Amino acid sequence: MIAKAMLLLTAAWVSMHASASPLTVDASPTLQRIAHHQAITVGHRDNEVPFSYLVDGQPVGYAIDLCMAVAKSIGERLGGAPLDIHFVPVTPVNRFILLRKGEIDLECGVTTSTPERRQQAAFSHPHFLTATRYVALADNDMRTIEDLAGRSVVSTTGTINIEQLNELNRAQGLNIAVMLSRSHDEAFAMVANEQATAFVMDDILLASLVTAAVSPQRFRISEEAISEPQPYGLMMPLEDAVFAELVNEVLYEHFQSGAIHALYDQWFLQPIPPENRVIGLPMSAELAAILARPDAYAD
């Protein structure tokens, strides 16, 4: 009975918290644009499983579902009519440009929130944690950063990972031949075809690529990480504090209600479309702690 009462009190408090701030459209250029068109423009990725990818031409995924929760709440606060959702594909190279130009209102993918990037865009509460590692062929028996020395290593243009790889190469004098790819799929294929020895990227994205491979046992992800765990967040226009606050209110409600745990289970522990494969990554204790107190998180 006590536990049930506490749950009811928590639900009531969350409801009050989520509705505490009225929707001040005039103070937000993003909300003005959304209200005028009765539509929200969402930037998405084509192949960032399980966060943001295409199934039968339709964006789906963990980050997409979070953005749909935001869009639903905004529509309700603007008068109740559902917003039209305009999806715009983005890449690591153009995502900041499209956001700055107002061609997307919200980016829903795998963009890492760092102090440097927060000079270019606003970020929501974290919804995932990832570290940078590398994938190589298992036959090469590579596990550590030192194992990259003198090798050809690829990463994707426009990502924080390529910056980390270049910095690592300079700092430790590893004599790595750094190669650039246009996409994660291309980089992974370069490792599979032995055009590159290793591919440096977010560990969750590497795990997704390995599980989708024809022969997953051919690949091994490094035991040693190149970076500390870093957060993914939804990306928003930089100078629009009202819009950012609203997005965070919706996410806070999602986190506190427990809906985020069901969503995580759906995309990381259950079969996902289109092949019904399972990522198989339980939520870490670090991420669970952040989701419980997202406003207290500081990287």
Side-chain angles (χ1 to χ4, degrees), residues 11 14-25 27-45 48 50-53 58-90 95-96 98-100 102-113 117-118 121-128 231-264 266-267 287 290-292 294-295 297:
V14 167
S15 177
M16 289 171 63
H17 180 94
S19 60
S21 300
L23 197 55
T24 312
V25 173
S28 167
T30 309
L31 288 173
Q32 287 179 18
R33 184 168 59 243
I34 292 170
H36 178 73
H37 296 288
Q38 278 297 296
I40 185 169
T41 306
V42 172
H44 71 90
R45 304 292 185 89
E48 303 284 15
F51 296 91
S52 181
Y53 65 106
Q58 180 68 26
V60 300
Y62 176 77
I64 293 295
D65 281 353
L66 288 175
C67 284
M68 292 305 95
V70 169
K72 181 176 183 291
S73 180
I74 292 174
E76 290 170 349
R77 297 183 189 209
L78 286 174
L83 297 176
D84 288 333
I85 311 295
H86 297 164
F87 285 109
V88 174
V90 301
R95 53 189 165 174
F96 290 95
L98 294 178
L99 188 70
R100 189 164 57 248
E103 295 183 25
I104 58 173
D105 302 313
L106 193 62
E107 193 252 0
C108 310
V110 293
T111 301
T112 308
S113 173
R117 285 180 167 177
R118 291 195 288 274
F123 283 84
S124 72
H125 292 317
H127 60 74
F128 194 80
Y232 288 159
L234 306 182
M235 193 165 64
M236 304 166 285
L238 179 60
E239 297 179 354
D240 195 336
V242 171
F243 184 66
E245 183 179 355
L246 173 60
V247 171
N248 276 331
E249 281 186 6
V250 177
L251 292 182
Y252 189 90
E253 178 182 8
H254 218 63
F255 296 172
Q256 294 295 305
S257 70
I260 189 66
H261 293 276
L263 189 66
Y264 188 99
Q266 174 187 342
W267 289 103
L287 178 58
I290 290 171
L291 296 177
D295 50 346
Y297 176 77

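Heavy-atom basis, side chains included; hydrogens, waters and symmetry copies ignored. All of these numbers come straight from a predicted model, not from anything done at the bench.
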Colleague: Let's go through Y264 and L287 carefully: what are the C-alpha distance in whole Å and the side-chain angles of both, what is the deciding distance for side-chain contact (heavy atoms from CB on, under 4.5 Å) to 0.1 Å, and is it a yes or a no?
Modeller: CA-CA 11 Å; Y264 188 99; L287 178 58; 3.8 Å; yes
Colleague: Any donor-acceptor pair under 3.5 Å linking the side chain of Q256 with the backbone of A292?
Modeller: yes
Colleague: Let's go through I40 and H86 carefully: what are the C-alpha distance in whole Å and the side-chain angles of both, what is the deciding distance for side-chain contact (heavy atoms from CB on, under 4.5 Å) to 0.1 Å, and is it a yes or a no?
Modeller: CA-CA 6 Å; I40 185 169; H86 297 164; over 6 Å; no
Colleague: Compare all side-chain heavy atoms of F51 with those of L66 and state whether any distance is below 4.5 angstrom.
Modeller: no
Colleague: Do you know which two heavy atoms are closest between C67 and L106, and how far apart they sit?
Modeller: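 Taking every non-hydrogen atom into account, SG-CD2, 3.6 Å.
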Colleague: Nearest 0.5 Å please: distance from the CD1 atom of I34 over to the CD1 atom of I74.
Modeller: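 Taking CD1 in I34 and CD1 in I74, the distance rounds to 4.5 Å.
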Colleague: List the atom of Y53, the atom of G61, and the distance in Å for their closest heavy-atom pair.
Modeller: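 The answer is CE2-CA, 4.4 Å.
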Colleague: From the options Y62, Y232, F128, select the one residue that forms a side-chain contact (heavy atoms from CB on, under 4.5 Å) with V110.
Modeller: Y232
Colleague: Does N248 use its side chain to pair, donor to acceptor, with the backbone of H125 at less than 3.5 Å?
Modeller: yes
Colleague: Could you walk me through whether R117 and T112 pass the side-chain contact (heavy atoms from CB on, under 4.5 Å) check?
Modeller: CA-CA 8 Å; R117 285 180 167 177; T112 308; 3.6 Å; yes
Colleague: How close do C108 and L234 get, heavy atom to heavy atom, and via which atoms?
Modeller: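 For C108 and L234, the tightest heavy-atom pair comes out as CA-CD2, 4.3 Å.
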Colleague: State, to 0.1 Å, how close V90 and G43 come at their nearest heavy-atom pair, and which atoms those are.
Modeller: CG1-CA, 3.9 Å
Colleague: Within this structure, what is the CD1-NE2 distance for the pair I85 and H44, rounded to the nearest 0.5 Å?
Modeller: 12.0 Å
Colleague: Taking the side chain from T30 and the backbone from D105, do they hold a donor-acceptor pair closer than 3.5 Å?
Modeller: no
Colleague: For E76, enumerate each residue passing the salt bridge (Lys or Arg N to Asp or Glu O under 4.0 Å) test, keeping only those at least two apart in sequence or located in another chain.
Modeller: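 Scan of E76 (salt bridge (Lys or Arg N to Asp or Glu O under 4.0 Å), adjacent residues dropped) gives K72.
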Colleague: Is it the case that T111 and R95 place a side-chain donor and acceptor less than 3.5 Å from each other?
Modeller: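 A pair is found: one side chain offers a donor N or O, the other an acceptor, under 3.5 Å apart.
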Colleague: To the nearest 0.5 Å, how far apart are CD in E253 and CD1 in I260?
Modeller: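 Reported value, rounded in 0.5 Å steps: 12.5 Å.
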Colleague: Ignoring hydrogens and angles, tell me if any N or O in the side chain of S52 forms a donor-acceptor pair with the backbone of E48 under 3.5 Å.
Modeller: no
Colleague: Identify, with sequence neighbours excluded, every residue that meets side chain to side chain contact (heavy atoms under 4.5 Å, CB included) alongside A121.
Modeller: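 Partners of A121 under the side chain to side chain contact (heavy atoms under 4.5 Å, CB included) test: F96, L99, F123, M235.
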Colleague: What's the verdict on side-chain contact (heavy atoms from CB on, under 4.5 Å) for D295 and F255, showing C-alpha distance, side-chain angles and the deciding distance?
Modeller: CA-CA 11 Å; D295 50 346; F255 296 172; over 6 Å; no
Colleague: Less than 4.5 Å apart, side chain to side chain, heavy atoms only: is that true for I64 and W267?
Modeller: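 They are not in contact (no side-chain heavy atoms under 4.5 Å apart), so the answer is no.
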Colleague: What pair of heavy atoms forms the shortest contact from A122 to P237, and how long is it?
Modeller: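 Shortest heavy-atom contact: CB-O, 3.5 Å.
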Colleague: Taking S257 for the side chain and H254 for the main chain, is one N or O donor matched with an acceptor at less than 3.5 Å?
Modeller: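 The answer is yes, because a donor-acceptor pair under 3.5 Å joins these two groups.
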Colleague: Taking all atoms of both residues into account, what is the closest heavy-atom pair of L31 and D240, and its distance?
Modeller: N-OD2, 4.4 Å
Colleague: So P89 and R45, do their side chains get closer than 4.5 Å, heavy atoms only?
Modeller: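 No, their side chains stay 4.5 Å or more apart.
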Colleague: Hey, could you give me the CG/OG distance between L246 and S124, rounded to the nearest 0.5 Å?
Modeller: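 L246 atom CG to S124 atom OG measures 12.0 Å (nearest 0.5 Å).
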